[in-house]
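See structure below.
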Amino acid sequence: MSLVNITLPDGSKREYESGVSSMDIAMSISEGLARNVLASKVNGEVWDASRPIVRDSDLSLLTWKDEEGKSTMWHSSAHLMAEAMEALYPGIKLAIGPPIDNGFYYDIDLMEHEVTEADLPKIEKKMIELARQKNQFARKEVSKKDALAYYEEKQDQYKLELINDLEDGQITFYTQGGFTDLCRGPHIPHTGFVKAVKLLSIAGAYWRGDEKNAMLTRIYGITFPKQGELETYLEMLEEAKKRDHRKIGKELELFTFDDDVGPGLPLWLPKGAFMIEQLEDLAKKTEKKAGYQRVKTPHIAKENLYLTSGHLPYYKDSMFPPMELDGSTYYLKSMNCPHHHKIFDALPKSYKDLPVRFAEYGTCYRYEKSGELFGLMRVRALQMNDAHIYCTKQQFADEFRAVNDMYLKYFKIFGIDKYIMRFSTHSPEKLGKKYVDNAKLWKETEDMVRDVLIESGIPYKEVPDEAAFYGPKIDVQIYSVIGREFTLATNQVDFAQPLSFDLTYTNANNESEHPIVIHRAPLGTHERFIGFLIEHYAGKFPLWLAPEQVRILPISDKFNEGCKNILQSLENYDIRASLDERGEKIGRKIRDAEMSKVPYMLIIGGNELDEGVVSIRKQGEGDQGKMKTEEFAEFIQQEVNKILAV
RNA sequence: GCCGAUGUAGCUCAGGGGUAGAGCGCUUCCUUGGUAAGGAAGAGGUCGGGGGUUCAAUUCCCCCCAUUGGCUCCA
C-alpha cells in the first residue's frame with residue numbers, strides 16, 4: 001500500500017496510507033475534532049469527509065466555524081428538506097436546491113399538491129425526524145445514460161434538463177436514507193449534524209431564473225447544529241425587522257404612501273422633508289466647492305429628446321406612458337441627462353470652458369413594475385443627486401478621480417465603511433442591441449476607467465455585461481446594518497450621448513470635438529438614501545441630520561414659561577429645539593422623547609431655572625450632568641460642525 | 001409582470017353569517033410629579049374597493065386595488 005503526504009493548514013505534514021479519508025485523518029488528530037468535521041478542503045476543493053485521498057494533498061478540515069463548512073451543511077439540509085418533501089408530497093418534481101448566504105432553498109414543482117406557510121412546521125418536523133436517523137450521504141458516480149434513465153422514470157423534466165447540460169463522467173448522485181438526488185456535492189457525513197431547522201418562507205421562483213419559464217415553488221430554510229444558534233439567529237431577524245426603514249419611517253413620521261396618490265409615490269412628511277433639505281444643503285455645498293454649477297430643468301420633455309438620447313428605444317418600458325399635447329408627444333423624464341445636454345448645447349463652448357459640471361436635484365419618474373416596488377428603496381418618483389460633467393479626454397482621469405473622492409468623502413460623513421465598487425463593462429457581442437454600437441469608444445473608455453480605479457487604489461469588482469447602454473459604469477453597493485445590500489450610487493461614463501446630441505466644443509486647434517460625459521450621483525436618490533440612513537442609524541440620526549435636535553422637558557408645566565426662554569436661546573443658535581408643554585410627569589416626557597429618538601433632552605425644573613443651567617440627557621445614554629444654556633448651545637453647534645467639516 | 005401571504009380605529013392587532021373590540025395615540029378634566037408609561041371620562045370605524053350567494057356579508061365566493069415575502073427587472 002502506498003503512502004500519501006498530507007499537509008495541514010499549519011504547515012505540518014503527516015503520512016497516511018493512500019485512500020485515507022479526511023474523516024480518518026481527523027480521527028487520528030482528535031476524536032473531538034472528528035465529531036465536528038462537516039467536510040474537508042483538499043487542494044482547495046471542498047470534498048466529502050469520507051472521500052478517499054489517493055495522492056499527496058493539502059488538507060483543511062471544515063467545521064461549522066468555516067463558511068464552507070456552513071454551506072456544505074446547508075446544501076445537505078436542502079437535500080434533507082427535499083427528502084422530507086418527497087415523503088410528505090409524493091410525486092413532486094425537484095429542480096435545484098443550493099445553499100445561500102444564510103441557509104438554503106429548494107425549487108420544487110409541487111404538481112397537484114398545495115403547500116402554504118402553515119405547512120412549514122410539518123415539513124420541519126419531518127426533517128428533524130429524518131435528521132435523527134443519522135443517514136449517511138453516499139456519493140456515487142453515474143453514467144449520463146443511467147442518470148437520465150433514473151429521472152425518466154421519475155418524469156422529472158427539470159433534472160433531465162440539468163443532466164443534459166452535463167458531460168458524461170462528471171455526474172454524481174448522492175443518497176441519504178431513501179432519497180437520491182443529482183448533485184455535485186459535497187455533503188456532510190450524515191444527517192445527524194442537523195439539530196435545528198427553520199423553514200423561513202415560501203415563494204415563487206422561475207425555473208432557471210427566466211420569467212418565460214414555469215413558476216416553481218421555492219422554500220427557504222436554515223439549519224443549525226445547535227438549537228441555541230437557531231434561537232440567536234431568529235432574534236437577529238427580529239432585530240433587523242425593528243430597523244426596517246418602513247417601520248421606523250412611520251414611527252418617526254418621516255414619510256408615507258397614500259392609495260389615492262399611487263404606489264411608489266412617496267409623500268414626505270415635514271420631518272422627512274427636513275432631512276431631504278439637510279442632504280441637499282450638504283450636496284450643494286460640496287458640489288459648489290468642487291466647481292459644479294446648478295441648473296434646473298422641467299419634469300417633462302418631447303419625444304424627440306428621448307429619441308436622441310436613446311432612452312426611448314432602450315428603456316421605453318420603464319418610462320411612464322406618453323401624453324399627447326398640441327400635436328406633440330411628451331414623456332415624464334426618467335433621467336436628467338438629456339435636459340442637461342441641451343443646456344450644454346445652449347451656448348457655444350471652447351476647450352477653455354471645460355470641464356463643465358451641471359448639478360441638479362432633479363425629479364425623475366420611472367415606471368417600475370408593480371412587484372418591484374419596495375418601501376423607499378424602489379419607487380416611481382425619485383429625486384437624484386444628479387450631475388453631469390462634460391470634459392475632454394485629457395481631463396477625464398482627473399474628473400473621474402475627483403468624483404470618486406467625493407464618494408469617499410460622503411462615506412466618511414455617513415460612516416459608511418462597507419461598500420464595493422462594481423465596474424460594469426459591456427459585452428462586445430451585444431453591441432447595437434443592449435449597447436451603443438461603437439466598439440472603439442467602449443474599449444477606450446473602459447480602459448480609462450480601469451486605469452483610474454487601479455491608480456487610485458479603490459477596491460473594485462469588474463462585472464461584464466452590466467454596463468449602461470451608453471457607456472461603462474461604476475455602481476457603489478452598500479450594505480445597511482441589517483444586511484440589506486443595495487446600489488446607492490452610480491457613476492457612469494458616456495461617450496455616446498455627446499455624439500447623438502452632437503455636443504461639441506472648439507479645441508485649441510480650432511476644431512470641433514465631442515466631450516466625454518460623466519454621469520454621477522454619489523448620494524443616489526433621496527428616497528433610497530434616506531431609506532438607507534434610517535436603517536443605518538436605526539432612526540437615531542446624527543445631530544446635523546436629526547429633524548429635532550433638542551427637546552426641552554419641564555419637570556412640571558409650572559415651568560413652561562421659564563422654558564420658553566431657553567427654547568428662544570437655542571433657536572437663536574439655529575438649534576432645532578422644541579418644548580414639551582404637556583401636563584405629563586417627567587418620566588413620561590422622557591420616555592416619549594427617547595422613543596422619538598431626539599438626540600438631546602433638557603430636563604428643566606426650579607433648580608435649573610434659578611441657576612441658569614440645563615440638565616442634559618442624551619438619547620440612549622441618560623443623564624449627562626449640567627451646563628450653562630449658552631455653553632450647551634455652543635456645544636451642539638460644535639458637534640454639528642465637527643461632522644460636516646470632514 | 002409572475003407565484004404566495006396580508007388588508008378591521010391615527011398606530012399595533014384580536015374577532016367573526018345577525019351592521020365590531022383591545023392596548024397605545026387623540027380630546028377634556030383631575031393630578032404638579034426630578035431622568036423610560038399618574039388617574040378618569042370621551043370622541044373616533046360604510047371592517048381596502050366593486051360584484052355575487054343569503055332573509056341577512058366585515059365574515060363565504062369572484063374580480064380589482066394596495067401592501068408584503070420571493071422571482072424577474074433596475075439607464
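Only a predicted model underlies this, so the values are computations on that prediction, with no experimental measurement involved.
Across B/G50 and B/A57, the matching P atoms stand 13 Å from one another, rounded to whole Å. Atom name C1', nucleotides B/A56 and B/U72: the rounded distance is 46 Å, in whole Å. Nucleotides B/U28 and B/G21 are separated by 24 Å at their C1' atoms, to the nearest Å. B/U58 sits 11 Å from B/A20 when the P atoms are compared, rounded to a whole Å.
Residue A/Phe257 is classed as having no contact, given no heavy-atom separation below 4.0 Å to the nucleic acid. At the heavy-atom level, A/Arg378 lies under 4.0 Å from base atoms of the strands shown. Residue A/Glu251 is out of contact with every strand shown, counting any heavy-atom pair closer than 4.0 Å. Within 4.0 Å (heavy atoms only), A/Ser334 reaches at least one base atom of the nucleic acid. Residue A/Gly625 is classed as having no contact, given no heavy-atom separation below 4.0 Å to the nucleic acid. Using a 4.0 Å heavy-atom cutoff across all strands shown, A/Arg617 reaches at least one base atom of the nucleic acid. Looking at heavy-atom distances under 4.0 Å, A/Asp557 makes contact with a base. As judged by a 4.0 angstrom heavy-atom cut-off over every strand, A/Phe374 is placed among residues touching the sugar-phosphate backbone only. Residue A/Gly583 is in base contact, counting any heavy-atom pair closer than 4.0 Å across all strands shown. A/Lys589 comes within 4.0 angstrom of nothing in the nucleic acid, heavy atoms only. Counting any heavy atom pair closer than 4.0 Å across all strands shown, A/Tyr315 reaches a base atom. No contact: A/Gly622 has no heavy atom under 4.0 Å from any strand.
Side-chain atoms of A/Glu253 stay outside donor-acceptor range of the base of B/G10, with no qualifying N/O pair under 3.5 Å. Side-chain atoms of A/Tyr206 come within donor-acceptor range of the base of B/G1, with a qualifying N/O pair under 3.5 Å. A donor-acceptor contact under 3.5 Å is formed by the side chain of A/Asn607 with the base of B/G34. Residue side chain A/Ser318 reaches the base of B/A75 through a donor-acceptor N/O pair under 3.5 Å, judged by distance alone. Not a single donor-acceptor pair, N or O on each side, falls under 3.5 Å between the base of B/C74 and the side chain of A/Arg380.
Between A/Arg617 and A/Glu594, the closest side-chain pair of non-hydrogen atoms falls below 4.5 Å. The closest side-chain heavy-atom distance from A/Pro515 to A/Cys391 is not below 4.5 Å. With contacts defined as side-chain heavy-atom distances shorter than 4.5 Å, the pair A/Lys589/A/Asp592 does not qualify.
The distance between atom CG of A/Asp317 and atom P of B/U72, rounded to the nearest whole Å, is 18 Å. We find that CD of A/Glu368 is positioned 13 Å from P of B/C73, with the value rounded to whole Å. The distance from atom NZ of A/Lys247 to atom C1' of B/G69 is 18 Å, rounded to the nearest whole Å. When rounded to the nearest whole Å, the span between CE of A/Met384 and C1' of B/C74 equals 12 Å.
Where A/Gly209 and A/Leu216 meet RNA chain B, the nucleotide closest to each residue was compared, and A/Leu216 sits on the side nearer the 5' end.
Ring geometry, A/Phe632 versus A/Phe635: the interplanar angle falls from 30° to 60°, so the pair is classed tilted.
The A/Ile590 side chain lies nearest to B/A36 when the options are B/G34, B/A66, B/A36. Picking from B/G70, B/U72, B/G38 the nucleotide with the shortest atom distance to the side chain of A/Glu584 gives B/G38.
Between A/Lys585 and B/A37 there is no side-chain N or O to OP1 or OP2 distance below 4.0 Å. Within the structure, every side-chain polar atom (N or O) of A/Tyr365 is placed at least 4.0 Å from both OP1 and OP2 of B/A75. Contact between the side-chain N/O atoms of A/Thr217 and the OP1/OP2 oxygens of B/C3 is not found at any separation under 4.0 Å.
For an aromatic pair to be called close, the ring centres must be under 6.0 Å apart, and A/His341 with A/Phe501 satisfies this. A/His514 and A/Phe495 have their aromatic ring centers separated by at least 6.0 angstrom.
Under the Watson-Crick or G-U wobble criterion, with both distances below 3.5 Å, B/U32 is left unpaired in every strand shown.
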